[in-house]
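Per chain, numbering begins at 1; letters A, B, ... match sequence-line order.
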Number of protein chains: 2
Amino acid sequence: MTARPFTPALDILKQAKLRPTRQRLALTRILFGRGHRHVSAEQLHGEALAANVRVSLATVYNTLHQLNRLSLLREVVVEPGRSYFDTNMADHHHFYFEDHARLEDIPAERVILSALPEPPAGTRVRRVDVVVRVGSDKD
Amino acid sequence: MTARPFTPALDILKQAKLRPTRQRLALTRILFGRGHRHVSAEQLHGEALAANVRVSLATVYNTLHQLNRLSLLREVVVEPGRSYFDTNMADHHHFYFEDHARLEDIPAERVILSALPEPPAGTRVRRVDVVVRVGSDKD
DNA sequence: GTGATTGCAAATCTTTTGCACTAAA
DNA sequence: TTTAGTGCAAAAGATTTGCAATCAC
C-alpha cells in the first residue's frame with residue numbers, strides 16, 4: 001500500500017519538457033509536493049528561501065508563468081495588484097476571504113451554473129470563474 | 001416627456017455626502033452621465049483631461065475609491081495589475097474579453113446559480129462574482 | 001475661518017526586462 | 001559546445017502617500 005501520492009517534481013518537469021534545474025525542482029516540489037496550494041509569487045519565493053533554496057524572484061515568476069502556460073497551474077485574480085497561483089487544475093471555484101486575503105477551493109459540484117449566456121459571436125469560453133467573496137459576520 | 005434619464009452629478013454627490021467639488025462633479029458626470037461604464041482609473045483620468053477638466057490622477061483614485069466604498073460603483077478585478085470600475089450596481093456578471101482586456105455586462109437573469117455552498121462559519125457572503133472569460137474562436 | 005479636498009512629486013509594491021553569467025544536455 | 005535557464009539590478013506600471021496649497025461651506 002502507501003503508494004506515492006504525488007507525482008515527483010522531476011517527472012512533472014520532464015513531462016512539461018522543462019529542464020529540471022535545481023530551482024525548478026525545488027519550486028515544483030514546494031508547489032505540488034503536499035496537496036493543493038494558493039500562493040503568490042512572493043510567498044513561494046519566501047518558502048523557497050526558508051527551505052534554503054537560493055532562487056531569485058525573477059526565476060519564481062518565470063517558473064510560475066511557465067507552469068501556468070502549460071496548464072499545470074492556474075492564475076487566479078481576485079485582488080488588484082497581486083496574483084495567486086492555484087495548483088488545483090480540477091474544475092472548481094473559490095471562496096475569497098476579503099479580510100485575510102486568502103483563497104479557498106470550492107469543489108465544482110457545490111456550484112451549479114444552470115444557465116450561462118452564449119459567448120458573443122467569434123469568441124469561445126476559455127474559463128468561467130466563480131468567486132464567492134466572504135467577510136466577517138459582524139459588519 | 002423626455003424626462004431626464006440620469007441623476008444629475010450634483011444630486012449623486014449630495015446624497016453621498018461628498019462635497020461637490022469641481023473635480024468630483026466632472027468625474028461623476030463622466031461616470032454616470034451616459035449609461036453604464038467599465039473604466040480604469042487611467043481611462044477616467046484621460047477622459048477628464050480630454051474634456052478639459054484639470055484633475056490629478058490621485059484625485060481620480062480618491063474619488064473612485066470613495067464611490068466604491070459608498071456602493072455607487074464597484075471594483076472589478078479580472079486582470080493582474082489593473083482595476084476596472086463598474087458603474088452598474090445592479091446584480092449582474094461579466095464577460096471578459098482576454099484578447100482586448102475589455103469587460104461586458106451579463107444581466108443577472110442570464111446566469112443561474114442554482115447551488116452555492118454555505119459560507120464558512122463566522123463569515124457571510126459579500127458578493128458572488130461570475131466572470132466568463134472569452135477569447136477568439138480561432139486558437 | 002476651518003476642515004475637507006486637491007495636486008504634486010515621491011514612495012511603494014508587484015511584476016517585467018535586459019543582459020552577462022551559469023549550468024543542463 | 002550549445003542553448004536554456006538564472007540572477008541581478010534596473011525599469012515599468014499601477015496605486016498610494018505626505019504635505020502644502022486651495023476650495024467649499
Is the phosphate of C/dG7, meaning OP1 or OP2, less than 4.0 Å from a side-chain N or O of B/Arg54?
-> no
Taking 4.0 angstrom as the limit, do A/Arg127 and A/Asp91 come out as a salt bridge?
-> no
Would one find a side-chain N or O of B/Thr21 under 4.0 angstrom from OP1 or OP2 of C/dT6?
-> yes
Closest to the A/Val55 side chain: D/dG7, C/dT16, C/dT6?
-> D/dG7
Pick the nucleotide of DNA chain C nearest each of A/Leu18 and A/Tyr61; which residue has the one closer to the 5' end?
-> A/Tyr61
Write down the distance between CG (B/Leu49) and P (C/dG7), rounded to a whole number of angstrom.
-> 10 Å
Please report, rounded to the nearest Å, how far the C1' atom of D/dA24 is from the CG atom of B/Leu25.
-> 11 Å
Residue-phosphate contact under 4.0 Å: A/Ser56 side-chain N/O, D/dT6 OP1/OP2 | no
Do NZ/NE/NH1/NH2 and the carboxylate oxygens of A/Asp105 and A/Arg110 come within less than 4.0 Å?
-> no
Want to settle it: does A/Gln23 or B/Leu57 sit nearer the 5' end of DNA chain D, counting the closest nucleotide to each?
-> A/Gln23
From the candidates C/dA25, D/dG7, C/dT5, the one with an atom nearest any side-chain atom of B/Arg19 is C/dT5
Has A/Arg102 got more than 12 heavy atoms of other residues, nucleotides or ligands less than 6.0 Å from its CZ?
-> yes
Exactly one candidate in A/Leu67, A/Asn88, A/Asp86 meets side-chain contact (heavy atoms from CB on, under 4.5 Å) with A/Leu73; the answer is A/Leu67
Is it true that atom CD of B/Glu109 has more than 12 heavy atoms of other residues, nucleotides or ligands lying nearer than 6.0 Å?
-> yes
Can a salt bridge be assigned to the pair B/Arg37 and B/Glu47 using a cut-off of 4.0 Å between side-chain N and carboxylate O?
-> yes
Please state how far atom CG in B/Asn62 lies from atom P in C/dC8, giving the value in whole angstrom units.
-> 14 Å
Residue from A/Glu104, A/Glu98, A/Glu79 passing salt bridge (charged side-chain N to carboxylate O under 4.0 Å, His left out) with A/Arg133 = A/Glu98
Quick one: B/Arg69 CZ to D/dT16 P, roughly how many Å, whole number?
-> 10 Å
B/His94 ring center near B/His92 ring center (under 6.0 Å) | yes
Any side-chain N or O of B/Arg24 under 4.0 Å from OP1/OP2 of C/dT6?
-> yes
Of B/Pro20 and B/Ala58, whose closest DNA chain D nucleotide lies nearer the 5' terminus?
-> B/Ala58
Hey, does B/His65 reach any base, or is it just sugar-phosphate, or nothing, if we go heavy atoms under 4.0 Å?
-> sugar-phosphate
Members of residues 75-82 of chain B that approach DNA chain D, where some heavy atom sits under 4.0 Å away = B/Gly81, B/Arg82
Within the structure shown, what part of the strands sits under 4.0 Å from B/Ser83 by heavy-atom distance: base, sugar-phosphate, or nothing?
-> sugar-phosphate
Is B/Arg22 atom CZ crowded by more than 12 heavy atoms from other residues, nucleotides or ligands, each under 6.0 Å away?
-> yes
Rounded distance in Å - CD (B/Gln66) to P (C/dA4) | 12 Å
Give the angle between the helix axes at the two ends of the helix from C/dG1-D/dC25 to C/dA25-D/dT1, taking five base pairs at each end and rounding to 10°.
-> 30°
Closest of D/dA14, C/dA9, C/dT14 to the A/Glu42 side chain is C/dT14
